Amino acid sequence: MSYSNILSQSSNGITTITINRSNKLNALNKSTIQELHEAFNKANNDSATKVIIITGSGEKAFVAGADISEFADFNVEEGGKLAAQGQALLFDFVEHLSTPVIAAVNGFALGGGLELAMACHFRVASDNAKMGLPEVSLGVIPGYGGTQRLPQLVGKGRAMEIVMTAGMIDANQALNYGLVNHVVPQEELLPLCEKIAGKIMRNSSVAIAEAIRAINANYEDGVNGFDVEIESFGNCFGTEDFTEGTTAFLEKRKANFPGA
């Protein structure tokens with residue numbers, strides 16, 4: 001598949017999606033969001049892809065924000081529609097993918113960029129990364145899930161401060177807050193993500209998909225996460241991976257999961 005704003009490459013069970021608008025600091029516009037949706041969907045439906053890594057081109061930015069010129073003249077109805085469509089097409093979509101998604105945050109992750117990183121299942125940052133949600137400085141609020149996911153990750157008080165000050169935090173502060181899992185020099189960013197992906201790929205893709213579903217359920221209004229966990233736990237018992245995993249354990253050998 002040919003893209004104008006992103007690159008997608010698959011190798012050894014990993015699909016790496018790179019937002020390729022470095023001259024715009026990889027800012028998200030409508031066409032980029034659409035292409036990202038298509039690339040994520042393709043990777044998620046590819047049985048050979050066990051882990052997805054999302055990053056930005058160049059050394060300055062993961063995603064420096066949304067393309068403000070596209071919505072600067074929007075009215076109330078258009079603004080609401082923009083947020084709803086974006087969340088459905090990309091941010092909520094990524095969060096609920098059954099394939100693990102790692103955000104490799106290489107530089108600025110601001111506004112929609114941080115919101116995209118937070119929609120991923122977890123984040124690894126380069127030591128030059130800076131993160132923030134500066135939307136209130138433009139007279140608007142985060143509209144792609146930022147007001148919901150940031151408090152889940154760093155707590156209400158810290159999220160309130162980050163949003164209300166419109167300021168940026170550095171990579172080490174993000175690590176301290178629990179916003180990212182690891183911080184490494186930029187040249188080590190993708191290698192570390194690939195190393196973590198390798199550890200993930202040794203395990204059952206079927207079980208991991210159920211785990212993602214169960215963990216996400218805890219953050220959904222009106223959903224009892226314990227009930228989803230029980231259902232997902234039970235689902236695993238009907239899979240070939242469960243048979244192989246338990247048999248391998250009892251036989252004291254390494255499990256050979258399908259596609260692993």
Side-chain angles (χ1 to χ4, degrees), residues 1-10 14-43 52-72 82-83 85-87 89-95 97 101-135 137-138 140 142-146 149-150 166-171 174 179-180 183-194:
M1 187 175 293
S2 178
Y3 302 107
S4 299
N5 300 306
I6 68 172
L7 304 171
S8 183
Q9 181 178 1
S10 298
I14 302 171
T15 292
T16 302
I17 300 171
T18 304
I19 302 165
N20 190 33
R21 303 183 75 217
S22 56
N23 60 327
K24 299 287 187 182
L25 294 179
N26 302 321
L28 294 178
N29 57 8
K30 290 179 182 178
S31 60
T32 304
I33 288 174
Q34 179 63 45
E35 288 187 4
L36 285 169
H37 170 83
E38 293 169 2
F40 274 113
N41 191 48
K42 183 175 184 291
I52 301 169
I53 297 172
I54 175 73
T55 193
S57 63
E59 299 181 351
K60 293 183 178 180
F62 173 71
V63 174
D67 193 334
I68 297 168
S69 64
E70 285 194 334
F71 58 81
L82 176 74
Q85 289 179 338
Q87 288 192 34
L89 197 62
L90 182 58
F91 301 85
D92 291 349
F93 183 76
V94 167
E95 182 175 54
L97 288 179
V101 182
I102 305 171
V105 183
N106 58 312
F108 289 110
L110 304 176
L114 180 55
E115 289 172 303
L116 176 57
M118 291 191 295
C120 298
H121 297 130
F122 59 92
R123 290 142 295 283
V124 180
S126 58
D127 55 12
N128 69 321
K130 293 188 182 298
M131 302 169 212
L133 295 174
E135 284 87 346
S137 69
L138 302 173
V140 70
Y144 287 145
R149 293 189 179 96
L150 187 61
M168 291 185 291
I169 61 173
D170 63 24
L179 184 54
V180 302
V183 174
V184 293
Q186 191 160 62
E187 63 271 15
E188 297 176 20
L189 179 60
L190 285 177
L192 177 58
C193 290
E194 290 165 358

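Side chains are part of it too, since the values below use all heavy atoms of this structure and drop only hydrogens, waters and symmetry mates. Bear in mind that the values here come from a model prediction, so they are computed numbers and not experimental data. Start at 1 with the first residue, then count along the sequence.
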Nearest atoms (heavy-atom pairs only) where [X] meets [Y]:
{"X": "Asp67", "Y": "Ala27", "value": "N-CB, 4.4 Å"}
{"X": "Leu110", "Y": "Ala64", "value": "CB-O, 3.5 Å"}
{"X": "Lys130", "Y": "Met168", "value": "CB-SD, 4.1 Å"}
{"X": "Gly111", "Y": "Leu133", "value": "O-CD2, 3.5 Å"}
{"X": "Leu36", "Y": "Ile6", "value": "CD2-CG2, 3.9 Å"}
{"X": "Cys120", "Y": "Ala103", "value": "SG-CB, 3.8 Å"}

Check: [Y] main-chain N/O paired with [X] side-chain donor or acceptor under 3.5 Å:
{"X": "Ser126", "Y": "Val105", "result": "yes"}
{"X": "Asn26", "Y": "Arg21", "result": "yes"}
{"X": "Arg123", "Y": "Leu179", "result": "yes"}
{"X": "Glu135", "Y": "Gly143", "result": "no"}
{"X": "Glu59", "Y": "Gln186", "result": "no"}
{"X": "Ser22", "Y": "Ser57", "result": "no"}
{"X": "His121", "Y": "Val101", "result": "yes"}
{"X": "Asn106", "Y": "Gly56", "result": "yes"}

Quick one: [atom1] on [X] to [atom2] on [Y], what's the gap to the nearest 0.5 Å?
{"X": "Tyr3", "Y": "Ser31", "atom1": "OH", "atom2": "OG", "answer": "13.0 Å"}
{"X": "Lys42", "Y": "Ile17", "atom1": "NZ", "atom2": "CD1", "answer": "9.5 Å"}
{"X": "Lys30", "Y": "Gln34", "atom1": "NZ", "atom2": "CD", "answer": "11.5 Å"}
{"X": "Asp127", "Y": "Glu187", "atom1": "CG", "atom2": "CD", "answer": "7.5 Å"}
{"X": "Ile102", "Y": "Leu192", "atom1": "CD1", "atom2": "CG", "answer": "8.5 Å"}
{"X": "Leu90", "Y": "Thr32", "atom1": "CG", "atom2": "OG1", "answer": "10.0 Å"}

| query | Would a 4.5 Å heavy-atom cut-off, applied to side chains only, mark Met131 and Phe62 as touching? | reply |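 No, their side chains stay 4.5 Å or more apart.
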
| said: Under the criterion side chain to side chain donor-acceptor pair (under 3.5 Å), I'd like the reasoning laid out for Thr18 against Asn20: C-alpha separation, chi angles, the key distance, then a yes or no. | reply: CA-CA 6 Å; Thr18 304; Asn20 190 33; over 6 Å; no

| Where do Leu7 and Thr16 land on the side chain to side chain contact (heavy atoms under 4.5 Å, CB included) test, with the steps shown first? | CA-CA 8 Å; Leu7 304 171; Thr16 302; over 6 Å; no

| request: Evaluate the ring planes of Tyr144 and Phe91, with Trp represented by its six-membered ring, and classify them as parallel (under 30°), tilted (30 to 60°) or perpendicular (over 60°). | output: parallel

| task | List the steps and the verdict of side chain to side chain contact (heavy atoms under 4.5 Å, CB included) for Asn41 and Phe93. | result | CA-CA 9 Å; Asn41 191 48; Phe93 183 76; 3.6 Å; yes

